[in-house]
A.B. asks: 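Pasting a structure here, questions to come.
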2 protein chains.
Amino acid sequence: MIRILLLDDHNIVRSGYRRLIDAEPDMCVAAEAATVDDAYAAARDTALDVAVVDLSLRGASGIEATRRILARSSGIRVLVLTMHDSPGFVTQAFRAGAMGYLTKSSDPGELIGGIRQVAAGRRVLSADVAQGVANAALEEDDLLSRLTPREFEVLRMAASGESPPRIALHMHLSHKTILNHLSAVRQKLDTETDFSLLRLAARHGLVELPTPSSVPC
Amino acid sequence: MIRILLLDDHNIVRSGYRRLIDAEPDMCVAAEAATVDDAYAAARDTALDVAVVDLSLRGASGIEATRRILARSSGIRVLVLTMHDSPGFVTQAFRAGAMGYLTKSSDPGELIGGIRQVAAGRRVLSADVAQGVANAALEEDDLLSRLTPREFEVLRMAASGESPPRIALHMHLSHKTILNHLSAVRQKLDTETDFSLLRLAARHGLVELPTPSSVPC
DNA sequence: TGGTCGCCGGGAAAATTTCCCGGTTCGCGC
DNA sequence: GCGCGAACCGGGAAATTTTCCCGGCGACCA
């Protein structure tokens with residue numbers, strides 16, 4: 001019998017997983033957790049074989065959860081189950097010690113099979129995700145390093161919401177120079193829209209972005 | 001017997017919901033869909049009582065789905081089930097004709113109960129969400145709520161990084177119409193730059209933004 | 001000393017955005 | 001039914017912005 005811990009902050013989603021898993025004769029959900037702390041406590045107090053972990057949790061990430069669960073409990077394996085399919089997440093997860101990575105778009109059968117694989121000590125990776133990882137590993141060099149320091153700085157200020165005139169004022173430059181720099185940035189980073197440019201900047205940690213939790217404005 | 005349509009682009013999550021629902025004696029999942037188009041087709045071809053709709057779909061949003069489902073099938077009621085708890089989403093959903101709004105953090109019992117309520121023609125709203133909506137309604141009208149559904153949808157796609165031509169293609173509209181919508185959005189929301197517009201959208205939970213962790217180092 | 005590079009900014013061409021228009025559909029009150 | 005307003009679609013022209021190209025400056029290096 002494979003004993004399983006579910007970590008996902010959505011109650012309903014968790015309940016659904018439980019039904020899926022409990023329907024299998026050789027596995028059962030031994031614990032549920034909505035937060036990293038709860039999961040940590042469960043891993044300490046309960047005998048477990050596999051932890052099924054969501055990455056996008058409120059507060060700390062599933063990566064952190066993975067690390068903490070593994071640090072506490074020696075026999076356990078972690079299977080990440082998330083909506084994200086970015087290569088970055090995948091490498092982060094495996095680096096943190098996960099044994100498997102599935103997206104929520106996978107077949108329910110893949111989840112069941114994946115749990116068995118992971119419990120047996122084998123690695124698991126969604127086919128759709130593997131493709132992306134392979135591509136990223138080949139081509140992806142850090143885009144931001146092509147920017148000159150000045151361009152980098154202008155992008156940082158623009159991405160944090162300042163308007164070009166304000167940036168110019170702040171940097172004691174001409175309005176026009178800022179626009180020229182921004183133009184160069186757009187071209188070097190090959191972005192179609194300013195939206196995608198900002199997303200790129202955010203992905204590289206250039207700016208911190210507001211989260212839905214800070215609603216009032 | 002309440003006949004239900006599930007619309008969610010995550011296969012595994014959908015399967016979980018199905019288990020939850022099929023365990024009830026008086027309801028059953030009559031159709032599943034991963035895309036708005038599939039849901040539309042299902043609503044046309046199948047006799048249905050309630051549609052359980054996720055808001056964050058790849059491509060078009062659940063708002064759009066809600067409108068299209070309701071337009072096609074007269075007897076059906078829509079229950080939105082999503083991770084988002086921002087007031088903007090809630091008002092958009094009800095404006096599109098939804099009868100209920102639950103977050104995934106709700107109890108599984110609330111989903112079951114909510115389906116029964118909605119099927120009976122009563123409105124349903126998560127307690128946690130109601131709080132936020134009430135606050136937003138009191139202190140100031142939510143910025144995003146001044147947008148029309150169409151503008152909302154265009155903003156959502158643009159903010160998630162799609163280029164205007166791609167959006168036009170996806171929505172079967174003219175390139176020009178998208179630009180006009182975006183222009184209206186910029187004006188209504190009074191943003192100086194597209195960067196600040198995207199930040200605003202992110203703050204209201206309109207899009208999920210990439211985090212620094214998604215880049216391989 | 002000549003070459004390259006980053007940086008600054010002006011001016012004109014090119015592209016985009018904004019603005020305004022007419023048309024359609026839908027829902028609502030009368 | 002009928003008028004009314006609102007949302008929606010999209011074309012065309014004006015207005016604005018972005019891009020492109022330019023010259024000039026200082027720093028670094030072979």
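Labels below follow one simple rule: chain letters A, B, ... track the order of the sequence lines, proteins then strands, and each chain is numbered from 1.
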A.B. asks: What I'd like to find out is whether the side chain of A/Met83 reaches to under 4.5 Å of the side chain of A/Asp54, using heavy atoms alone.
C.D. replies: no
A.B. asks: Test your reading of the model: is there a side-chain donor-acceptor pair from B/Ser183 to the backbone of B/Leu179, 3.5 Å cut-off?
C.D. replies: no
A.B. asks: Determine: side-chain N/O of B/Thr148 to OP1/OP2 of D/dA6, distance under 4.0 Å, yes or no.
C.D. replies: no
A.B. asks: Encode nucleotides 12-20 of chain C as B, S and - characters from 5' to 3', where the letter depends on protein heavy atoms closer than 4.0 Å: B to the base, S only to sugar-phosphate, - to neither.
C.D. replies: -----SBB-
A.B. asks: By the 4.0 Å heavy-atom rule, please label A/Ser174 as base, sugar-phosphate, or nothing.
C.D. replies: sugar-phosphate
A.B. asks: Less than 4.0 angstrom from a charged side-chain N to a carboxylate O is my criterion; do A/Glu153 and A/Arg156 meet it?
C.D. replies: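 A salt bridge links A/Glu153 with A/Arg156.
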A.B. asks: Round to the nearest Å and state the distance from B/His172 atom NE2 to D/dG10 atom C1'.
C.D. replies: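 So the two atoms are 17 Å apart, to the nearest Å.
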A.B. asks: With side chain to side chain contact (heavy atoms under 4.5 Å, CB included) as the test, pick out the partner of B/Glu162 among B/Val154, B/Ile167, B/Leu169.
C.D. replies: B/Ile167
A.B. asks: Taking OP1 and OP2 of C/dG9, is either one under 4.0 Å from a side-chain nitrogen or oxygen of A/Thr177?
C.D. replies: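 For C/dG9, OP1/OP2 do have a side-chain N/O of A/Thr177 under 4.0 Å.
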A.B. asks: May I ask you to decide if B/Ala43's main-chain N or O and B/Thr46's side chain share a donor-acceptor pair within less than 3.5 Å?
C.D. replies: no
A.B. asks: Just how far, in rounded Å, is P of D/dA7 from CG of B/Leu173?
C.D. replies: 17 Å
A.B. asks: May I ask you to decide whether A/Asp8 forms a salt bridge with A/Lys104, counting only side-chain N to carboxylate O separations under 4.0 Å?
C.D. replies: yes
A.B. asks: Rounding to a whole Å, what distance do you find between B/Ile167:CD1 and D/dC9:P?
C.D. replies: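 Atom CD1 in B/Ile167 sits about 13 Å away from atom P in D/dC9.
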A.B. asks: Could you state the CD1-C1' distance from A/Ile178 to C/dG10, rounded to the nearest angstrom?
C.D. replies: 15 Å
A.B. asks: In whole angstrom, give the distance that lies between atom NE2 of A/His175 and atom C1' of D/dT16.
C.D. replies: 11 Å
A.B. asks: Rounding to an integer number of Å, can you tell me how far A/Leu169 CG sits from C/dG9 P?
C.D. replies: 13 Å
A.B. asks: Considering every strand and a 4.0 Å limit on heavy-atom distances, what is the contact class for B/His181: base, sugar-phosphate, or nothing?
C.D. replies: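 Here B/His181 touches the backbone only, sparing every base.
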A.B. asks: From CG of A/Leu155 over to P of C/dG6, roughly how many Å is that when rounded to an integer?
C.D. replies: 17 Å
A.B. asks: Sequence neighbours excluded, which residues qualify as side chain to side chain donor-acceptor pair (under 3.5 Å) partners of B/Arg123?
C.D. replies: none
